[in-house]
Every structure is written in C-alpha cells, then in structure tokens.
Amino acid sequence: KEIDYGHRGTHVTTVASKALTASFYGRPPRYAYFNGCSNGGRQALMEVQRYPDDYDGVVVGAPWNFQSHSNAGFVWNAQALSAPGAAIPPAKLPFVTAAALTACDGDDGLVDGVIADPPSCAFDPTTLLCAGEETNACLTAPQLAALRAIYEGPANPRTGERIFPGFAVGAEAGWAGLVTNLSASGLGNGYFANLVYEDPLWDYRTFDFDVGMAYADWKVGALGNAIDPDLSEARKRGVKIIQYHGWNEQTLQPAYSPEYYETVVAATKSLKKTQKFYRLYMVPGMTHCYFGPGATSFGGVGQQIPPARDPLHD
C-alpha cells in the first residue's frame with residue numbers, strides 16, 4: 001500500500017488508462033498529459049522522475065513533493081503554537097497581513113493587496129508586539145515567537161541546519177486552519193503517526209527534529225518524496241513540465257518550489273536548457289491550488305482546449 005501510494009499507483013493507472021483508450025478508439029492516444037495539484041503535483045513530479053515514458057506533458061500544481069520535510073514543518077508549527085501563551089487567535093491574522101502589506105505591497109510598484117515577491121519582503125514582525133494591553137491589533141511575546149517560527153520553518157536543533165522553508169509573509173489571513181488545529185492540521189500528525197511511526201497514539205509534541213527526521217526520511221521519504229533533480233530521461237523524451245505555486249499558500253510551504261527548481265537547473269547544468277522543457281511560475285496572491293486575493297487559478301483551469309491545438313508542443 002505504501003508503494004502504491006508513494007508512486008506505483010499512478011503509474012499503473014496510467015498504463016491501464018492508455019490500454020482502455022487504445023481499445024475503445026482503436027489506436028493509442030497521440031499525447032498523454034497529467035494535471036494535478038497538491039498531492040497531485042507530487043504525483044506529477046513522481047511520474048516525470050520515475051516513469052518518464054508515461055506522459056508527454058505534466059502540469060505540477062503546488063506540489064507536496066518533499067513529503068517528509070513538509071510534514072515536519074506542520075509539526076514544527078504545531079509545537080510552536082502549543083507553547084505556553086503562543087496560540088495566535090484567528091481574529092489577529094488579518095492584522096498581521098495588513099502590517100505585512102503596509103511594509104511590502106508597494107515593493108513591485110503597485111499597491112494591489114498582494115506581495116509580489118515575499119522572500120524579498122523586509123517586514124519586521126517585532127513591530128506587532130503589544131506595547132500594553134493585548135488586543136487583536138498586536139501580538140504578545142509568545143505569539144510573536146510562534147509567528148517567527150512559522151515564517152522560518154523547521155530546523156535541526158543540534159546542527160542549526162534548515163529542514164524546510166516556512167510559510168510566506170503576506171499570507172497570514174488564510175492561516176485560520178493552521179493556527180487553530182494543533183494536531184498539525186491532520187497532515188503532520190496523521191502522516192507521522194500512521195506512516196512513519198505506525199502508532200495512532202503518536203503525539204506531535206514528542207517529535208525530535210534531529211533523529212526523528214532521519215527516521216522519517218528512511219521510513220517513508222524514499223517512497224513518497226519526489227525530489228530527484230535528474231530529469232534527463234524526461235528531457236530527452238521531449239516531456240514538457242509546467243509548475244506553479246501560489247505565494248499565499250496556507251497548506252503547503254511555497255518557497256520549496258523554487259528551491260527544487262534550482263536543484264533541477266543545477267543537475268541540468270543550464271538554466272536555458274531547463275527552461276526549454278521545464279518552467280516554474282510563482283503566483284502572487286494565490287492560495288492552495290486556487291483562489292486568493294491575487295490570481296484565482298492557473299492556466300485557465302476548466303477551459304476546453306480546441307483539439308487542433310497542442311500547447312505544450314507548439
């Protein structure tokens with residue numbers, strides 16, 4: 001089951017679908033495309049990495065492709081928010097976003113309610129610290145520490161090495177689920193409890209970000225992580241890859257998408273060669289897969305492409 005979930009299931013389904021198509025129409029499909037977001041984005045990258053013959057083009061949306069480390073980030077956030085006095089009420093989140101927008105919305109020359117490039121935002125969250133009585137327009141010191149932890153993402157406490165990026169500045173208004181569910185939104189707690197430790201009573205508060213990460217990577221990362229930067233077989237076949245990720249993500253940390261893309265560029269040894277078959281689009285204002293104060297979808301989701309066009313191979 002773990003192997004099927006990790007990568008084999010999508011491949012087997014693809015092979016069967018092609019056989020059914022060929023049987024029904026009397027000929028195999030000319031082109032095969034895959035479009036998925038979230039875990040579907042991970043599946044798209046897994047197909048390209050492990051089974052490059054399956055598809056001619058894939059659309060990779062907000063991929064959950066570094067599962068073990070991304071989920072460690074959920075556990076990290078839950079630990080930070082469950083510290084004494086650190087819980088951030090959802091009512092405070094719009095205030096945090098407003099302060100971030102005041103600091104960085106105009107950096108791109110347009111004040112439009114969206115931060116175009118959150119990593120370059122010079123927002124100082126210490127300006128949010130309550131000067132007196134706590135209100136919904138300030139953060140206490142423990143709440144501020146939790147906010148910083150969510151921005152920074154998990155790190156190894158013994159070596160200081162970063163494990164995964166945090167969430168982006170300017171997206172806080174969408175974090176209601178993140179700050180209210182201290183079981184790590186079910187993703188972190190359920191993932192480690194059911195897949196890593198196979199113990200339904202496992203508690204996220206006990207996770208060790210040193211030895212625990214090594215175990216998680218060994219136990220399930222080899223099956224579930226789609227982080228291999230060597231896409232040479234897909235590139236030789238002429239496979240085209242379009243990846244997108246919204247900066248206002250509230251579910252999967254967006255900054256890992258450009259990090260993974262850079263590993264592919266390094267493996268390909270050329271940005272120009274990489275861009276001929278693989279493009280990444282970071283979408284300002286988009287939340288998880290769809291919606292948000294910025295773009296609400298990528299690439300005209302739901303629009304029918306006329307049969308005569310083949311946009312990925314034009």
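- In this structure, Q143 and P89 have side chains that are in contact, with non-hydrogen atoms separated by less than 4.5 Å.
- Using a 4.5 Å heavy-atom cutoff, the side chains of V58 and N35 are not in contact.
- A salt bridge links K92 with E134: the closest approach of a Lys/Arg side-chain nitrogen to an acidic carboxylate oxygen falls below 4.0 angstrom.
- The side chain to side chain donor-acceptor pair (under 3.5 Å) test applied to D4 returns R8, not counting sequence neighbours.
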Practice task
Go through S120 and D117 one step at a time and tell me if the side chain to side chain donor-acceptor pair (under 3.5 Å) criterion holds.
Solution key: CA-CA 6 Å; S120 67; D117 184 32; 2.9 Å; yes

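- Counting heavy atoms from C-beta outward, Y55 and Y31 have side chains that stay 4.5 Å or more apart.
- For residues 75-113, the pairs satisfying ring-ring contact (aromatic ring centres under 6.0 Å, His included) are W76-F209, with sequence neighbours left out.
- For Y256 and F164, the ring centers sit closer than 6.0 Å to each other.
- Between Y260 and Y278, the angle of the ring planes lies from 30° to 60°, which puts this pair in the tilted group.
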Handout entry: Test side-chain contact (heavy atoms from CB on, under 4.5 Å) applied to D56 and V239, step by step
Key = CA-CA 5 Å; D56 301 288; V239 176; 5.8 Å; no

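- In this structure, the ring of F192 has its center less than 6.0 angstrom from the ring center of F207.
- The side-chain heavy atoms of E172 and Y151, taken from C-beta on, include a pair separated by under 4.5 Å.
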